[in-house]
Amino acid sequence: MSDPKKLFIKTYGCQMNVYDSERMGSALVAGGYVEVDSPEHADLVILNTCHIREKAAEKVYSDLGRLRPLRQAKAAAGGRMTIAVAGCVAQAEGAEIVRRQPLVDLVVGPQAYHRLPAMVARNADTGVAEVDTEFPEEDKFDHLPEAPRARRAPAAFLTVQEGCDKFCAFCVVPYTRGSEVSRPAAKVLAEARALVARGVVEITLLGQNVNAYHGAGPDGEWGLARLIRELARIEGLERLRYTTSHPNDMADDLIAAHGDEPKLMPYLHLPVQAGSDRVLKAMNRRHTVESYLRVIERVRATRPDIAISGDFITGFPGETEADFQATLALVREVRYASAYSFRYSPRPGTPAATAEQVPEEEKADRLARLQALLSEQQAEFQAACIGRTLSVLIEKPGRHPGQMAGRSPYLQAVHLDCDPGLTGRIVAAEITSAGPNSLAGRQIGA
Ligand code: SAH
Ligand code: SF4
Ligand code: F3S
């Protein structure tokens, strides 16, 4: 018997790509590959790419360039390295990728992953590059079998919804992931049970617009709140999260679930992008500052300690200093526990890309000022945890011997000394100190 073929996957971008990479990896492992953690000597390299900002997309081409000598070395040794570009750059650029970088053998969009094994086989036969960026009718996840792997890490992602119909003026997602599709509830529940059977205790439900979930259920359509409540009944599943949400889809029953579903963690990632109604309108966000703040207020009324996180863009076309000041004012009002912020990056094919641009220095200067304020708020949230007792899901060894790392209900990294045998268990920890990105604590009780 020959050695199994080696597979290397590199993942860029969002959690949905992380999930997709896991599913592609499992399917290929079930087909005889072994996953390795370096592209050297790999028979198949998959770059699972992101197109959200220019930097992310360009990184792919520099990484492809670095694969050239590895591929040549493999060929010199009588082997062949097949190179596949998957993900959102694949969807957005298609065959253009092969023209720009002839090293690439396969280009496969996010909805065509189940066709990857057949594409690899055809390409091995013909040597001709394969491109598949279709949005087929069938559900790719039905055709991506999970490899019967041993135990899983205690926290896992589960995609329940994909695509987006919102068309924010800056965003490529509706083009790269297509229109909004929800997976049927029964499939989500079955996958969650299978994860729990393999040791998973925390599941993060994923979707580009996850709170717009409207999957087919046994008794009609289910929203996200209903799905969460049914998932919460699975014994052994202790924690549920979901991301990313749109402010307009925070339904009443979802807000209510934050108040009375103990397994739903007190953390909400709710991007706002900007704090000026004029800019929000130009962004086609379809919500106002006021409506966003009202959602936050209602969520906090049901779950006062909830950690709020957000996404921001600085320097969207037309944004003035006064608009930007309004963003700072919104941040001061909300008080974020954590946040992601970016300078606006014009993306080909999106409406805002052709509008008159804010100068780069201005975008960068606003971003720096925004990030200074957000860091201050994050530090305050972290510091406020000192002295509290938090439940921590132990996930993996920490940096120092004897130390383990886990997550608090608020998604903070927590380091504490404890028995490595507690991996996958939730322990009570008294928080003793706080850094900008993690907490340290002491285990309480056994
Ligand atoms: N579905 C999510 C997030 C999608 S992308 C939502 O609706 O919010 C993640 C974040 O990237 C966005 O929230 C936005 O802040 C940022 N982003 C998207 N397009 C961008 C662009 N062209 N330039 C800069 N940041 C962008
Ligand atoms: Fe992009 Fe999110 Fe807007 Fe959809 S709602 S277009 S994913 S930013
Ligand atoms: Fe990037 Fe696509 Fe996710 S563009 S952020 S990988 S949906």
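Atoms within each ligand, like the ligands themselves, are counted from 1 in listed order.
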Exercise. Measure the distance from atom 16 (C) of ligand 1 to every protein heavy atom, then report the residue, atom name and distance (to 0.1 Å) of the closest one.
Key: Arg53 NH1, 3.3 Å
Quiz item: At what distance is the nearest protein heavy atom to atom 22 (N) of ligand 1, and which residue and atom is it?
Solution: Ser345 O, 2.8 Å
Quiz item: Within the structure, does at least one protein heavy atom fall under 4.0 Å of atom 14 (C) of ligand 1?
Solution: yes
Quiz item: Any heavy atom of Arg343 sitting closer than 4.0 Å to ligand 1?
Solution: yes
Practice problem: Taking the side chain as every heavy atom from C-beta outward, state whether Val173 and Arg177 have any atom pair closer than 4.5 Å. | Solution: yes
Quiz item: Side chains of Asp253 and Arg226: closer than 4.5 Å at any heavy-atom pair?
Solution: no
Quiz item: Mind checking whether Met16 has a heavy atom under 4.0 Å from ligand 3?
Solution: no
Quiz item: For atom 12 (C) of ligand 1, which candidate among Asp249, Asp311, Val272, Leu270 holds the nearest heavy atom?
Solution: Asp311
Self-check item: Heavy-atom side-chain proximity of Pro348 to Glu93 below 4.5 angstrom
Solution: no
Quiz item: Any side-chain donor paired with an acceptor under 3.5 Å for Gln412 and Gln382?
Solution: yes
Exercise. Scan side-chain atoms only and decide if Asp43 and Tyr33 contain a donor-acceptor pair under the 3.5 Å cut-off.
Key: no
Quiz item: Should Gln208 be listed as contacting ligand 1, given a heavy-atom distance under 4.0 Å as the test?
Solution: yes
Self-check item: Nearest neighbour of atom 7 (S) of ligand 3 from the list His51, Gln208, Gln91, on a heavy-atom basis
Solution: Gln208
Quiz item: Which one holds for Thr244 and ligand 1: side chain close, backbone close, both close, or neither close, with close meaning a heavy atom under 4.0 Å?
Solution: side chain
Quiz item: Quick one: does ligand 1 sit under 4.0 Å from the side chain of Phe170, the backbone, both or neither, non-hydrogen atoms only?
Solution: both
Quiz item: When the aromatic ring centroids of Phe381 and Tyr410 are compared, is their separation below 6.0 Å?
Solution: yes
Quiz item: What is the closest protein heavy atom to atom 5 (S) of ligand 1, and at what distance does it sit?
Solution: Ile52 CD1, 3.4 Å
Quiz item: What part of Pro271, side chain from CB on, backbone N/CA/C/O, both or neither, has a heavy atom under 4.0 Å from ligand 1?
Solution: side chain
Quiz prompt | Test side-chain contact (heavy atoms from CB on, under 4.5 Å) applied to Ile313 and Arg343, Arg53, Met283, the passing residue | solution = Met283
Practice problem: For Phe170, counting its heavy atoms only, list the atoms of ligand 2 lying under 4.0 Å from any of them. | Solution: 8 (S)
Quiz prompt | Protein N, O or S atoms lying under 2.8 Å from atom 4 (Fe) of ligand 2, listed by chain and number | solution = Cys164 SG
Self-check item: Ring-ring centroid check Tyr340 His269, cutoff 6.0 Å
Solution: yes
Quiz item: Considering only heavy atoms of Cys50, which atoms of ligand 3 have at least one such atom less than 4.0 Å away?
Solution: 1 (Fe), 4 (S), 5 (S), 6 (S)
